[in-house]
Visitor: 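One structure, pasted below without further comment.
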2 protein chains.
Amino acid sequence: MSKKASKSVIKRLPVYLRVLDNLIRRDVEIVSSRVLSEETGFTAEQIRKDLAHFGAFGTRGTGYNTDYLRGKLLRIIGLDRQTKLVVVGAGLLGKALTRYNMLKNPYVEIVGIFDANPAEAGHEIGSLKIRPVGEMPAVIKEQQVKVAMVSVPAEFAQQVVNDLVGIGITAILNFAPTKLKVPEGVHVHNADLTNELQSLIYYVMQDENKQLSKLH
Amino acid sequence: MSKKASKSVIKRLPVYLRVLDNLIRRDVEIVSSRVLSEETGFTAEQIRKDLAHFGAFGTRGTGYNTDYLRGKLLRIIGLDRQTKLVVVGAGLLGKALTRYNMLKNPYVEIVGIFDANPAEAGHEIGSLKIRPVGEMPAVIKEQQVKVAMVSVPAEFAQQVVNDLVGIGITAILNFAPTKLKVPEGVHVHNADLTNELQSLIYYVMQDENKQLSKLH
DNA sequence: CCGACTGTGTTAATATATTAACAAGGTTGC
DNA sequence: GCAACCTTGTTAATATATTAACACAGTCGG
């Protein structure tokens, strides 16, 4: 354990958490790194090493107690208390993100979804009303929200983010296909869906070229 | 150049492409690795190295011709011909993905969006009608589609993917929060939006803990 | 045409991440 | 309570990725 965990490790923790949630739902009480490997796609060695960064959570000869490990992971990631967040941009993607997290992600609480288009305001997603962006600062300040998901068109993203940072947001999950400039200390994770698709296409094309060259 | 490019490099190529598209739209003809660095967030050294994997595309003392480099990147990624793809699952996310790519991603052509729910069938996204999944095999086979985006609920994802692979799909962008089992040779990229959010929260909590410990 | 400058492409050095190997701890059956 | 068997946690070896350094090629002003 001890020395700080690297980015790659942190990215895998939520995967472990999800698998544990599923195992617990199926009343599995003990799990080995090998089974976790099958469920996650990462190697068993890597999983053991990842977990060892934060402590010794398993029992030699047996494996990991699912419930106990889940609790530890929640604490490590910081999900042991519900994180409040807002969604900016109530297009199809913003709505999808909001509804999905409300229904399926118990570790976060969406306290507001906002849109610049007044026509959207008033529409409901689950029990949550879409509100005009003008009301956003008050909500974020009052509830001391730190995390925002941004799903506005690329051309508005930087301005929106400037505003968010100005009223106390320190972490942004950015779905707009654009590089955001933020002050030191503000975290931005980019979730550019087009990039994922395009790099996937690279591998498809590699295969096709390989097939073609075999014909010679 | 020569020896094959690594995954990390491939993931950055679409970012370069997007930035180049933007520069060309603004009639910028020449760009240096330093400017690309500002626009992408990657270091200039890394950008030069990435591009050098595939050839020498720049001019020393000057920089890169935007139009020329864009053409090279398209060819490298495999986007020089429109890639056909299907979307399976016409929930909010599936609709968002479909509409976004139809409007903003000229490098792919969505040839069908399918949903198991008959109530969805007939609804239109842009000019594309949502169709029942029963019609999916015919479309994929006739048009020889190789790439699919899967945005169905997690519990159906594996079955859907089995079907897709059976009718010729070799690359899948998976939005369902589940590990997919696929035969050798089929590419799966996972775009789990919850994971991104949760690892972001990790960093927020790290900061907050740091703040707290400062008070002592 | 020459010297100062700019920015690429390549090679070397460093850091990060993954894989492998194994010792130590724990369990189970007899 | 001992022997055979598991599975973790740790340390060592390997591979990948990033950063730094710089030689080389081209431009520009005079």
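Model, not experiment: these values are computed from the prediction. Note: hydrogens, waters and symmetry copies are ignored here, and every other heavy atom, side chains too, is used. Chain A is the first sequence line, chain B the second, and so forth, proteins listed ahead of strands; every chain is numbered from 1.
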Visitor: How many Å lie between CZ on A:F54 and P on D:dT10, as a whole number?
Guide: 14 Å
Visitor: For C:dT8, does OP1 or OP2 lie under 4.0 Å from any side-chain N or O of B:S33?
Guide: yes
Visitor: With sequence neighbours left out, what residues match A:N162 under side chain to side chain contact (heavy atoms under 4.5 Å, CB included)?
Guide: A:Q158, A:Q159
Visitor: Identify each donor-acceptor pair in which a side-chain atom of residues 140-153 of chain A lies under 3.5 Å from a protein atom, sequence neighbours left out, and give them as a table.
Guide:
unit_1 : atom_1 : unit_2 : atom_2 : d
A:Q143 : OE1    : A:K84  : NZ     : 3.1
A:S151 : OG     : A:V88  : O      : 3.3
A:S151 : OG     : A:G89  : O      : 2.9

Visitor: Check whether any side-chain nitrogen or oxygen of B:Y64 sits under 4.0 Å from OP1 or OP2 of C:dG9, and answer yes or no.
Guide: yes
Visitor: Partners of A:R34 by side chain to side chain contact (heavy atoms under 4.5 Å, CB included), sequence neighbours excluded?
Guide: A:S32, A:E38
Visitor: With sequence neighbours left out, what residues match A:R26 under salt bridge (Lys or Arg N to Asp or Glu O under 4.0 Å)?
Guide: A:E39
Visitor: Taking it one step at a time, do A:D192 and B:R18 satisfy side-chain contact (heavy atoms from CB on, under 4.5 Å)?
Guide: CA-CA 11 Å; A:D192 189 326; B:R18 171 171 55 74; 3.7 Å; yes
Visitor: Using whole Å, report how far CZ of B:R48 lies from C1' of C:dG7.
Guide: 7 Å
Visitor: Please produce a list of atom pairs where a protein N or O lies less than 3.5 Å from an N or O of nucleotides 17-19 of chain D.
Guide:
unit_1 : atom_1 : unit_2 : atom_2 : d
D:dA17 : OP1    : B:S8   : OG     : 2.8
D:dA17 : OP2    : B:S6   : OG     : 2.8
D:dA17 : O5'    : B:S8   : OG     : 3.4
D:dT18 : OP1    : B:R12  : NH1    : 3.3
D:dT18 : OP2    : B:R12  : NH1    : 3.3
D:dT18 : OP2    : B:R12  : NH2    : 3.0
D:dT18 : OP2    : B:Q46  : NE2    : 3.1
D:dT18 : O5'    : B:Q46  : NE2    : 3.3

Visitor: Could you note down all residue pairs passing ring pair (Phe, Tyr, Trp, His ring centres under 6.0 Å) where residues 141-170 of chain A supplies at least one of them, sequence neighbours left out?
Guide: none
Visitor: According to the salt bridge (Lys or Arg N to Asp or Glu O under 4.0 Å) rule, which pairs have a member within residues 91-108 of chain B, sequence neighbours left out?
Guide: B:K95-B:E120
Visitor: Please report the distance, rounded to the nearest Å, between CD1 in A:I10 and P in C:dT16.
Guide: 14 Å
Visitor: Pairs under 3.5 angstrom only: tabulate donor-acceptor contacts from the side chains of residues 40-52 of chain A to other protein residues two or more places apart or in another chain.
Guide:
unit_1 : atom_1 : unit_2 : atom_2 : d
A:T40  : OG1    : A:L36  : O      : 2.8
A:T40  : OG1    : A:F42  : N      : 3.2
A:T43  : OG1    : A:Q46  : N      : 3.2
A:R48  : NH1    : A:S33  : OG     : 3.1
A:D50  : OD1    : A:R12  : NH2    : 3.1
A:D50  : OD2    : A:R12  : NE     : 2.6
A:D50  : OD2    : A:R12  : NH2    : 3.3
A:D50  : OD2    : A:Y16  : OH     : 2.6

Visitor: Tell me which residues in residues 190-206 of chain B lie within less than 4.0 Å of DNA chain D, going by non-hydrogen atoms.
Guide: none
Visitor: Applying side chain to side chain donor-acceptor pair (under 3.5 Å), can you list everything that pairs with B:D80, at least two apart in sequence or on another chain?
Guide: B:R75
Visitor: Report all side-chain donor-acceptor pairs from residues 176-191 of chain A shorter than 3.5 Å, counting only partners two or more places apart or in another chain.
Guide:
unit_1 : atom_1 : unit_2 : atom_2 : d
A:H187 : NE2    : B:D207 : OD2    : 2.7
A:H189 : ND1    : B:E196 : OE1    : 3.4
A:N190 : OD1    : A:N174 : ND2    : 2.8

Visitor: Please tabulate the protein-to-nucleotide N/O contacts below 3.5 Å involving nucleotides 26-30 of chain D, giving atom names and distances.
Guide:
unit_1 : atom_1 : unit_2 : atom_2 : d
D:dG26 : O4'    : B:R60  : O      : 3.3

Visitor: Is the count of non-hydrogen atoms from other residues, nucleotides or ligands lying under 6.0 Å from A:E29 atom CD greater than 12?
Guide: no
Visitor: Please report the distance, rounded to the nearest Å, between CG in B:L36 and C1' in C:dG9.
Guide: 15 Å
Visitor: Whole angstrom is fine here: how far is it from CG in A:N65 over to P in C:dT27?
Guide: 13 Å
